[in-house]
Amino acid sequence: MSDQGYNPADIEPKWREYWKANSLHEARDDDPRPKYYCLDMFPYPSGSGLHVGHWRSYVLPDCWSRYKWLQGYKVLHPMGWDAFGSPAENDAIQKGIHPSIGTARNIENFKRQLHEIGAMYDWSREVNTTDPEYYKWTQWIFVQMFKKDLAYKAHMPINWCPSCKTGISNEDVVNGRCERCGAEVTRREMNQWMLRITRYAERLLRNLDALEWPEKVKAMQTNWIGRSEGAEVTFTALGSSGAPHPLKIFTTRPDTLFGATYMVMAPEHPLVRELTASDRSAEVSAYVERVQSESDVERAAKTEKTGVFTGAYAINPVNAEKIPIWISDYVLMAYGTGAIMAVPAHDERDYEFAKKFGLEIREVITSEAGIATEASVGEGTMIHSGEFTGRPSAEGRKAIVQWLEQKGLGRGTVNYKLRDWVFSRQRYWGEPIPIIHCEKCGPVAVDEKDLPVRLPDIERYQPTGTGESPLAAIHDWVNVACPKCKGPAKRETDTMPQWAGSSWYFLRYASPHAKDALLTEQGKKWLPVDMYVGGVEHAILHLLYARFFTMFLYDIGVVGFEEPFKRLFNQGMITYVGKSGKAEKMSKSKGNVVNPDDLVRNFGCDSLRMYELFVGPPELDAEWNEHGIEGVHRFLKRAWHWVSMHNGQWTATPSRQMLVQRHLLLKNVTERLESFRMNTIVSSFMEFLNEASSMNQAPDKETVEVFLVAIAPFAPHFAEELWQQSGHSKSIFQQKWPVWDEAYTTFDTVTVAVQINGKLRGTVVVNADAGEDLVFETASKDPAVARHLDGVQIRKKVYVKGRILNLVVG
RNA sequence: GCGAGAGUGGCGGAAUUGGCAGACGCGCUGGACUUAGGAUCCAGUGGGGUAACCCAUGAGGGUUCGAGUCCCUCCUUUCGCACCA
């Protein structure tokens with residue numbers, strides 16, 4: 001056969017059509033092979049399309065899927081769209097085009113670009129969160145949660161983004177700013193739908209242990225959930241009239257109770273008004289007002305503690321001591337009980353506060369450093385603590401809790417930083433919350449048979465800013481009959497956050513077209529996800545919500561597992577030098593995007609795929625190098641040449657040398673795949689080709705075939721073309737991943753390094769099973785070694801078989 | 001401040017359980033073939049030294065026959081969390 005040049009533009013589109021036409025990408029329920037579910041985090045279909053940074057996140061799972069496929073699994077590798085969200089809505093506001101139209105257009109563009117990656121998605125299972133047939137089930141899940149009292153409406157201060165004009169969850173606030181638009185978040189009292197994710201806190205935490213996830217992500221979730229063990233203790237506060245009020249506090253250090261010298265309530269604490277003495281009330285309300293008007297950014301920027309005395313006192317239950325009650329914004333209403341006992345001797349924050357306001361600091365735990373300059377927060381022995389004096393603090397902690405429980409003054413308890421999830425958005429482009437408010441019956445869930453509650457078409461998408469979504473203005477949509485009493489009622493007009501649809505989409509891929517169930521019995525067999533690949537930016541929010549949804553669906557019997565993602569892999573980002581002059585995350589706004597279309601045109605999809613892997617370790621960020629792809633492209637050209645040059649003229653008797661290279665390649669590629677060292681796999685192929693082509697001999701057919709099958713997951717068009725050119729009529733993806741023979745990857749002779757006093761002086765080639773004596777004998781004949789042995793005494797010989805001989809001389 | 005990573009040639013990065021540091025690629029240098037080379041091929045490429053050798057994995061200690069790898073101290077850097085009692 002002639003040696004035609006490697007021209008990717010000629011072959012790549014052809015094979016993509018071929019795979020499509022032969023439905024090679026489709027995951028069939030009735031396929032008898034074992035299943036493997038490899039999932040990419042589905043994208044928001046933005047208008048700007050994909051750049052080479054995005055490519056990286058799709059290439060890796062595609063290679064992995066193709067590898068799993070060749071290993072004999074039926075692979076589910078689907079793709080879909082997380083298509084609700086503000087960019088489409090903002091477009092709608094600006095251009096007056098319905099978000100669904102813009103979204104559909106973006107999806108088409110994304111699909112085209114993903115197609116050019118050569119990724120083997122099963123498009124027959126595509127899901128779209130904005131499709132009523134999909135969000136019917138998002139709403140269905142909400143209804144189930146509502147029935148289980150996991151969804152509730154609460155009037156409470158929440159984060160309000162003045163730019164997006166909507167409430168947002170704690171999770172959406174980054175450094176006091178809106179995660180989406182960067183505007184400073186303010187607080188606003190609003191009636192909100194909330195999801196009781198806190199009820200799952202303990203399970204969400206406990207299950208982390210067994211997951212094959214990056215430790216970093218587990219640590220982030222652990223911190224976010226923020227479990228801490230301690231005690232709730234009831235102090236008795238005395239109001240201005242002298243009337244007693246129980247005042248509960250949470251502490252992780254009940255062993256320091258005797259060191260409490262004052263108390264602090266959050267400014268929002270409901271007892272503040274009650275307790276404040278009349279001569280203090282002006283100052284107190286001024287402080288409360290000031291704190292409430294501050295944004296989170298201002299609050300965080302504060303370097304010094306502030307606070308005011310209420311004029312009231314409380315009785316410490318352990319020693320009946322009367323201590324002053326202060327208010328300060330360093331105590332948060334949302335955590336614990338919104339009030340603390342302050343133990344300045346053993347808490348840094350209390351220490352700082354006490355120093356500033358001249359409050360007593362009483363040491364009750366011994367420590368080496370003492371408390372003269374800073375709080376001592378470690379363990380020690382309890383002192384000045386009544387009957388508990390002399391106990392080690394850890395033990396005293398338990399004893400005091402027991403004592404409190406006996407007296408009915410407190411109890412051991414656990415607190416979490418995790419808060420309930422603010423699930424309402426006052427925006428148009430989201431799933432309508434399927435609730436109807438009836439004056440008589442209160443909030444009533446929409447009947448399941450009436451789902452989905454479709455998003456009505458409207459004229460004005462503009463957020464109102466009043467705290468109501470634009471839906472509230474559509475009267476004939478809002479006004480409905482109560483499903484229970486048929487009386488006049490109004491629909492809920494808030495919509496769900498974008499996280500809603502993405503919290504369960506991975507389940508829907510398993511039975512995307514099922515009409516009567518979220519998930520069919522057939523579909524269940526694909527689950528859970530075996531490998532989930534995506535960016536670490538979703539380490540907390542998306543992954544926590546998805547775990548919560550799945551756990552809930554497990555509890556109501558929809559799925560048979562609590563954890564949706566057995567294994568998680570976080571892909572690093574692509575960085576590139578942008579406007580700022582330093583390497584930053586590639587993004588349109590930073591003006592440092594590299595367009596893959598040009599690269600595909602010049603080098604082909606396969607070269608780009610392989611370079612995306614070669615650019616660096618997949619879990620780390622990698623800086624884009626514009627010339628890097630040339631090396632990979634050169635390699636593919638040389639490989640193409642090597643295969644086609646010998647096509648049909650294979651040798652029947654490959655040299656041992658060739659066999660060694662074949663088996664070594666396969667071993668390296670397989671092992672490196674298993675450990676996800678994708679960048680070094682590309683090196684393996686290059687090394688193989690360097691060796692094989694420098695042998696100046698025709699390869700045997702099997703070696704070439706092994707090479708092609710092994711490279712197929714990475715350069716699929718390249719491999720498929722050469723495969724079929726060399727006389728095969730079936731797709732290379734119907735091959736089986738080959739196995740290597742250790743007999744060829746272990747060697748008869750080995751090169752042993754010879755060191756003298758730890759310094760390399762030479763190498764000797766010996767039989768692999770040679771003993772120390774033989775190696776030493778051979779080594780001492782080597783002139784470079786012998787020179788250093790002249791006139792010295794060998795004190796010690798260290799021989800590591802097949803690796804190294806170290807001679808200690810003196 | 002707390003937590004988790006990361007520091008290796010001009011650059012991206014390789015290095016089984018501690019065992020020949022710098023694989024592979026980019027870039028660069030020289031050469032070949034060419035009207036031409038931003039194509040292709042060959043050779044070279046951590047620093048110093050004519051050489052023998054010496055020095056080199058952020059810095060400094062330690063363990064070891066032997067350390068990029070293990071331990072301690074410090075520096076730089078990235079990311080996450082950040083008044084959570």
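Hydrogens, waters and symmetry mates play no part in the numbers below; they use all other heavy atoms, side chains included.
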Candidate nucleotides [options], ranked by approach to the side chain of [X] - the nearest:
X: A/Asn690; options: B/C65, B/C54, B/C24; result: B/C24
X: A/Ser683; options: B/A23, B/A39, B/A14; result: B/A23
X: A/Lys796; options: B/C65, B/A85, B/C24; result: B/C65
X: A/Phe614; options: B/A85, B/C53, B/C24; result: B/C24
X: A/Asn625; options: B/G13, B/C26, B/A85; result: B/C26

Side-chain contact test, heavy atoms from C-beta onward, threshold under 4.5 Å: evaluate it for [X] versus [Y] and give yes or no.
X: A/Glu619; Y: A/Phe676; result: no
X: A/Thr763; Y: A/Val754; result: no
X: A/His663; Y: A/Glu742; result: no
X: A/His346; Y: A/Tyr351; result: no
X: A/Glu671; Y: A/Trp740; result: yes
X: A/Ile249; Y: A/Met263; result: yes
X: A/Leu208; Y: A/Arg547; result: yes

Reckon [X] touches a base, only the sugar-phosphate, or nothing at all at heavy-atom distances under 4.0 Å?
X: A/Asn679; answer: sugar-phosphate
X: A/Arg634; answer: sugar-phosphate
X: A/Asn415; answer: nothing
X: A/His346; answer: nothing
X: A/Thr763; answer: base
X: A/Glu215; answer: nothing
X: A/Thr751; answer: base

Taking atom [atom1] in both [N] and [M], compute the distance separating them and give it to the nearest angstrom.
N: B/C71; M: B/U64; atom1: P; answer: 16 Å
N: B/A6; M: B/G68; atom1: C1'; answer: 13 Å
N: B/A56; M: B/G7; atom1: C1'; answer: 15 Å
N: B/G60; M: B/C75; atom1: P; answer: 15 Å
N: B/U8; M: B/G47; atom1: C1'; answer: 14 Å
N: B/G3; M: B/C74; atom1: P; answer: 13 Å
N: B/G66; M: B/C81; atom1: C1'; answer: 42 Å
N: B/C41; M: B/G18; atom1: P; answer: 41 Å

task = Please determine if A/Lys637 forms a cation-pi arrangement with A/Tyr6, meaning its NZ or CZ atom is less than 6.0 Å from the six-membered ring centre and no more than 45° off the ring axis.
result = no

query = Does the ring of A/Phe235 carry A/Lys248 above it, NZ/CZ under 6.0 angstrom from centre and within 45° of its axis?
reply = no

ask   = Can you give the dot-bracket line for RNA chain B, where a pair is Watson-Crick or G-U wobble with both atom distances under 3.5 Å, crossing pairs use [ ], and | marks a partner on another strand?
value = (((((((..(((......[....)))((((((.......))))))(((....)))..(((((..]....))))))))))))....

note = In terms of heavy-atom contacts, A/Val775 and A/Val766 come closest through CG2-CG2, 4.0 Å

request  = Using the closest heavy atom to pick a nucleotide of RNA chain B for each, name whichever of A/Tyr611 or A/Leu620 lands nearer the 5' end.
outcome  = A/Leu620

key: Pairwise 5' ranking along RNA chain B for A/Gly628 and A/Ala753, keeping only the more 5' one   = A/Ala753

query = Going from CG on A/Asp606 to CD1 on A/Ile711, what distance comes out if it is rounded to the nearest 0.5 angstrom?
reply = 8.5 Å

Separation of [X] atom [atom1] from [N] atom [atom2], in whole Å?
X: A/Met333; N: B/A85; atom1: CE; atom2: C1'; answer: 14 Å
X: A/Asp621; N: B/C79; atom1: CG; atom2: P; answer: 9 Å
X: A/Tyr799; N: B/C20; atom1: OH; atom2: C1'; answer: 14 Å
X: A/Glu687; N: B/C24; atom1: CD; atom2: P; answer: 6 Å
X: A/Leu608; N: B/G25; atom1: CG; atom2: P; answer: 19 Å
X: A/Asn570; N: B/C79; atom1: CG; atom2: P; answer: 16 Å
X: A/His269; N: B/A85; atom1: NE2; atom2: P; answer: 17 Å
X: A/Met686; N: B/A14; atom1: CE; atom2: P; answer: 14 Å

Quick test: give all pairs of protein nitrogen or oxygen and nucleotides 15-19 of chain B nitrogen or oxygen below 3.5 Å, distance rounded to 0.1 Å.
from: B/A15; atom 1: OP1; to: A/Arg677; atom 2: NH1; distance (Å): 3.0
from: B/U17; atom 1: O4; to: A/Arg803; atom 2: NE; distance (Å): 3.2

Between N or O atoms, less than 3.5 Å apart, protein on one side and nucleotides 80-83 of chain B on the other: list the pairs.
from: B/C83; atom 1: O3'; to: A/Arg349; atom 2: NH1; distance (Å): 2.7
from: B/C83; atom 1: O2'; to: A/Tyr330; atom 2: O; distance (Å): 2.7
from: B/C83; atom 1: O2; to: A/Lys305; atom 2: NZ; distance (Å): 2.5

key: No-hydrogen, no-angle side-chain donor-acceptor test under 3.5 Å, A/Thr198 and A/Tyr416   = no

query = Do you see a donor-acceptor pair shorter than 3.5 Å between the side chains of A/Tyr335 and A/Ser228?
reply = yes

ask   = Between A/Phe353 and A/Trp326, does the ring centroid distance fall short of 6.0 Å?
value = yes

message = Need the glycosidic conformation of B/G27: syn if within 90° of 0, anti if not. Which one?
response = anti

ask   = Between A/His627 and B/G38, is there a side-chain N or O to OP1/OP2 distance below 4.0 Å?
value = no

message = Working note: A/Arg411 + A/Leu404, criterion side-chain contact (heavy atoms from CB on, under 4.5 Å); need CA distance, chi angles, decisive distance, verdict.
response = CA-CA 6 Å; A/Arg411 60 192 176 91; A/Leu404 288 167; over 6 Å; no

